[in-house]
Amino acid sequence: MQASSGSDGGTVTPWWRNTVCYQVYLRSFADSNADGVGDLDGVRSRLGYLELLGVDALWLTPCYRSPMADHGYDVADPRDIDPLFGDLAAFDALIAASHEHGIRVIIDLVPNHTSDQHEWFKLALSSPPGSPERDRYLFRYGRGGDGTMPPNNWPSQFGGPAWTRITETHGRKGQWYLHLFAPEQPDLNWSNPDVWADLETTLRFWLDRGVDGFRIDVAHGMAKPHGLPDADPAGFGLIDNGTGPDARFDHDGVHEVHRMIRSVVDEYPDRVLVGEIWVSDDERFGRYLRPDELHLGFNFRLTTTDFDAAELRTAIEHSMSAVAAVNATPTWTLCNHDVPRTVTRLGGGKLGLRRARALALVELALPGAVFLYNGEELGLPSVELPDSALRDPVWERSGHTRRGRDAHRIPVPWQGTSPCYGFTEGESSWLPMPEGWDELTVEAQLEDADSVLSLYRHALEIRRAHPGFEGDELEWYGAPEGCFAFRRPGGTLVCVLNTSPVDVPLPPGDPLIYSTPLTEEGLLPPDTAVWLS
Ligand code: GLC
């Protein structure tokens, strides 16, 4: 069974405060029924691997009923499993088996929008303007004499306008509805009490089934500004590049929603809420982590920072101070299903891999919760696919100007020397897997002491057991140009990073683990990190 929250000098430390959580992008993790798409039984069949890797928890991307316009983030029924992924029995079996392996399970929750195939939206379309059915979404009349212009100037995160005009039941063009993402993902109206009540029902449905928490999708969405006014287009980001203040997101009313979610979750012991919060201002970010809101919030700074010690240090300091102001726990991630793989982002090839290994050691030395993305522990790169293979709605919505996120979602290679590398027993996988990944498979890396997988396993083992990881703060040391070194004041472990082009001497201490071997003289080579004890 899982270790429960630990005791720390009389006060109980909740398990999630230093958890290592592994993101399972369900479609791409493991396929049990040869249809080329990953599923719940596939995840269950690989729990032994995850235990061996040494993670504490899983975050499972959406498995709800969905027409899959956005691969499950368009939810048609939030209280049932899509047949593509299995059924409720398969879900229950996965939860039970995960717990037997000592692994907790966090599931995705999508409160900002539903699918256009959700019963509510179908009812909204068949009901007249101004009806209670329409009020659960954000329907408005268009602008211009005959309403042919969208109600405001907001773009969708995937490209194109954030509004789609419907045809009313009498056959004439009518109102428009808001969708911050695809047209198949209408935004809910969080001023409507039905929307609140339904989310509460959904929360309890899954909590009662034993989930250990929720990852809240677009946690900075939900609340919309009064009157839905036009905004300065300079502030609009897109799903793959938006980090600045954006008029469509982060409205104060959203905190009321998080307080409701928290109050429900608090009725169940030991559960966690982690928000997807694309908010760059530290103070505004911290608001989501006040004591009656979310426990954890993804800070995405490390997914966009260059491999440069000074810039990385700034990113780490911002992430720490954003949460320190509200006494919350930092939450680190290097990549996920929406952003480029670390190896590719940091230069690709051998250089990218070397830097990704170094950054992994930096991340795993930091205080707080860490989220790994499936395949990160294998050093997978992003893979550019031919146009005909692209499946992300971003590709179509952007008029084929942005390729979207498929490159970062290629299925996990498990074994063998040719596609689909044990991911599926079917002939093909939903996104094609490249030739030449035979050295990246789990099978190839498991017994190889120099592999990325071995680096992660070893680092996770040390992180779990070594007393040097005590303490929630960081103390920075003076370090040569292009380098940094930090320590947790409560512990003894020192992490040193060298992003400069030259070998550098190390402070005193025994190397516990390094991302690339030290030189014969014991110097730290370029693009390398080491933990010293
Ligand atoms: C989040 C998800 C992303 C999805 C979007 C809309 O950003 O991570 O994959 O497309 O929300 O639900």
query: side-chain contact (heavy atoms from CB on, under 4.5 Å) between His337 and Asp392: does it pass, once the steps are laid out?
result: CA-CA 11 Å; His337 64 295; Asp392 186 349; over 6 Å; no
To the nearest 0.5 angstrom, please state how far the [atom1] atom of [X] sits from the [atom2] atom of [Y].
X: Asp74; Y: Phe121; atom1: CG; atom2: CZ; result: 12.5 Å
X: Ile513; Y: His466; atom1: CD1; atom2: NE2; result: 11.5 Å
X: Leu26; Y: Asp39; atom1: CG; atom2: CG; result: 7.0 Å
X: Leu390; Y: Arg402; atom1: CG; atom2: CZ; result: 12.5 Å
X: Leu50; Y: Ser98; atom1: CG; atom2: OG; result: 8.5 Å
X: Arg46; Y: Leu58; atom1: CZ; atom2: CG; result: 14.0 Å

[atom1]/[X]: more than 12 non-hydrogen atoms of other groups inside 6.0 Å:
X: Tyr25; atom1: OH; answer: yes
X: Glu425; atom1: CD; answer: no
X: Glu439; atom1: CD; answer: no

Hey, is [X] close enough to [Y] for a salt bridge, meaning N to O under 4.0 Å?
X: Glu119; Y: Arg79; value: no
X: Arg104; Y: Asp56; value: no
X: Glu461; Y: Arg457; value: no
X: Arg405; Y: Asp70; value: yes

Tell me the closest heavy-atom pair linking [X] and [Y], and the distance in Å.
X: Asp31; Y: Val37; value: OD1-O, 2.9 Å
X: Tyr456; Y: Ala360; value: OH-CB, 3.3 Å
X: Pro413; Y: Trp437; value: CG-CE3, 3.6 Å
X: Asp35; Y: Thr424; value: N-OG1, 4.3 Å
X: Tyr177; Y: Pro183; value: OH-O, 2.7 Å
X: Glu168; Y: Gln175; value: OE2-N, 3.1 Å

Could you walk me through whether Arg391 and His71 pass the side-chain contact (heavy atoms from CB on, under 4.5 Å) check?
CA-CA 9 Å; Arg391 306 281 294 275; His71 304 318; 3.9 Å; yes
For the pair [X] (side chain) and [Y] (backbone), establish whether a donor and an acceptor sit closer than 3.5 Å, ignoring hydrogens and angles.
X: Arg301; Y: Ala315; value: no
X: Arg27; Y: Pro411; value: no
X: Gln23; Y: Asn374; value: no
X: Trp15; Y: Val272; value: no
X: Gln117; Y: Pro67; value: no
X: Asp187; Y: Leu180; value: yes
X: Ser156; Y: Phe181; value: yes
X: Arg215; Y: Trp59; value: no
X: Glu443; Y: Trp414; value: no
X: Ser451; Y: Gln445; value: yes

Verdict with reasoning, Asp108 to Tyr64, per side chain to side chain donor-acceptor pair (under 3.5 Å) | CA-CA 9 Å; Asp108 234 302; Tyr64 312 114; over 6 Å; no
For Tyr288, the ring-ring contact (aromatic ring centres under 6.0 Å, His included) test, sequence neighbours excluded, returns His255, His258
Taken in chain and number order and not counting sequence neighbours, the residues that satisfy ring-ring contact (aromatic ring centres under 6.0 Å, His included) with Phe423 are none
Pairing donors with acceptors under 3.5 angstrom, does anything connect the side chains of [X] and [Y]?
X: Ser429; Y: Tyr421; value: no
X: Ser66; Y: Asp82; value: no
X: Glu377; Y: Tyr49; value: yes
X: Gln157; Y: Arg248; value: yes

inquiry  = For the aromatic rings, using the six-membered ring if either is Trp, is the centroid distance between Phe469 and Trp531 under 6.0 Å?
reply    =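 Phe469 vs Trp531: aromatic centres under 6.0 Å.
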| task | Please step through side chain to side chain donor-acceptor pair (under 3.5 Å) for the pair Ser28 and Arg409, ending with a clear verdict. | result | CA-CA 7 Å; Ser28 296; Arg409 299 175 172 181; over 6 Å; no
So Trp163 and His179, ring-ring contact (aromatic ring centres under 6.0 Å, His included) or not? Walk me through it. CA-CA 6 Å; Trp163 295 92; His179 51 85; 8.1 Å; no
Test log, rule side-chain contact (heavy atoms from CB on, under 4.5 Å), inputs Leu188 and Tyr137: CA-CA 4 Å; Leu188 285 161; Tyr137 294 91; 3.8 Å; yes
*Before giving the answer on salt bridge (charged side-chain N to carboxylate O under 4.0 Å, His left out), spell out for Asp308 and Arg355 the whole-Å C-alpha distance, their side-chain angles and the decisive distance to 0.1 Å.*
CA-CA 10 Å; Asp308 171 87; Arg355 290 176 167 175; over 6 Å; no
Which of Phe298, Trp332, Trp16, Phe300 passes ring-ring contact (aromatic ring centres under 6.0 Å, His included) with Phe371? It is Phe298
*asked:* When you measure from the centre of the six-membered ring of Phe139, is the NZ or CZ of Arg134 closer than 6.0 Å and no more than 45° off the axis?
replied: yes
Cation-pi check for Trp120 against Arg136: NZ or CZ below 6.0 Å from the six-membered ring centre and within 45 degrees of the axis, yes or no?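 Ring-cation test returns yes.
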Test side-chain contact (heavy atoms from CB on, under 4.5 Å), reference Val362, set Leu312, Ile316, Leu334, output is Ile316
In Asp80, Asp87, Asp77, the residue satisfying salt bridge (charged side-chain N to carboxylate O under 4.0 Å, His left out) with Arg65 is Asp80
| request: Output, in order, the C-alpha distance, side-chain angles, deciding distance and verdict of salt bridge (charged side-chain N to carboxylate O under 4.0 Å, His left out) for Glu376 and Arg345. | output: CA-CA 12 Å; Glu376 170 182 344; Arg345 191 176 67 78; over 6 Å; no
Go through the steps for His295 and Thr329 under the test side-chain contact (heavy atoms from CB on, under 4.5 Å), then give the verdict. CA-CA 7 Å; His295 302 92; Thr329 301; over 6 Å; no
